[in-house]
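These notes concern the structure reproduced below.
In what follows, chains are A, B, ... by sequence order, proteins preceding strands, each numbered from 1.
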Amino acid sequence: MEDVLSEVCSSEDLKVFEKKYNDELVKGLVSSTTQFEYACFLVRSRYPADIQRGVVLLEELYKRPEEIGKRDYVFYLAIGNARLKEYQTALNYLKGLLRVEPGNRQVQELETGAAIAGGAILGVGALIGLGMALAKK
Amino acid sequence: MADCPHTIGVEFGTRIIEVAGQKIKLQIWDTAGQERFRAVTRSYYRGAAGALMVYDITRRSTYNHLSSWLTDARNLTNPNTVIFLIGNKADLDAQRDVTYEEAKQFAEENGLMFVEASAKTGENVEEAFLETAKKIYQNIQDGSLDLNAAESGVQHKPTQPGRTNLNSDSQPNRDNCSC
């Protein structure tokens, strides 16, 4: 549990907030708070399908009018996308946040982390590409 | 501090310090103080070996909230978790709204360590983390903190003799970032 991209939440915690979300869903109205809490745990899950679901819930929250927590949704969208290895999408969200808050250290650090992780994958891709080019010769 | 945004969820940090000749890696989770993050931040208490609870000496409301933070800290951590009370903004003595004596008494009544510090000048900041680590180390030495217990918050790394991991959950009532 070293950083925001690698730490995972416990499945017990996730279940608690899943239940809260489902209970409200059955009643017909899920509050922003409940949806945000559930999404925060989903993007910290070890399973990509959960993370994907968290991203969808956050996107939906972001589109709701008059939301006060849009900055928080965008940050968690960046975390979710980076954890799904959608680094470019994550970096785009973070660039947006940095335009509003250029000095935000949390955003800067996540940007560095996502850029390094994304770059490392590009690096491996380039090496494989090179290997294949050499093999063809 | 115009450009000092609220923490989003949790900010992670690590720091290696030395206590009694042992290298100790502190893993620090700076948790958001806003109510909207309470559910998220609560999930980080478990497994913390120490907690730094911060209020603002110039704003009484932050001091008044301490008992609810302390309840969370006590309920969600193990009985040996070291809890350190910190009065931030000690540099703004002229605007003080909570006396040193009052906070000291609150700390004593609740078995907390206590210091006033300033994130702005750095006064007592390093000391607070060091003292927390020393107290955790002491609890390990005298046997009151069992390293084998689940969620002790401490990992001993046998491959690297003398390196111990301490999770220290810092939980400020915001407005105290040093940016």
Would you mind checking which part of Ser10(A) comes under 4.5 Å of any heavy atom in chain B, side chain (CB onward), backbone (N, CA, C, O), both or neither?
side chain

Measure the shortest side-chain to side-chain distance between Arg74(B) and Ile83(B) over non-hydrogen atoms and say whether it is less than 4.5 angstrom.
yes

Would you say Lys89(B) and Ser118(B) make side-chain contact, with heavy atoms under 4.5 Å?
no

Got a salt bridge between Lys27(A) and Asp23(A), using NZ or NE/NH1/NH2 to carboxylate O under 4.0 Å?
no

Asp13(A) versus chain B, heavy atoms under 4.5 Å apart: side chain, backbone, both or neither?
side chain

Any ion pair linking Lys134(B) and Glu131(B) (charged N to carboxylate O, less than 4.0 Å)?
yes

Given that the side chain runs from C-beta out, which part of Tyr38(A) has a heavy atom under 4.5 Å from chain B: side chain, backbone, both or neither?
neither

If I measure from the heavy atoms of chain A, does Arg38(B) come under 4.5 Å with its side chain, its backbone, both, or neither?
neither

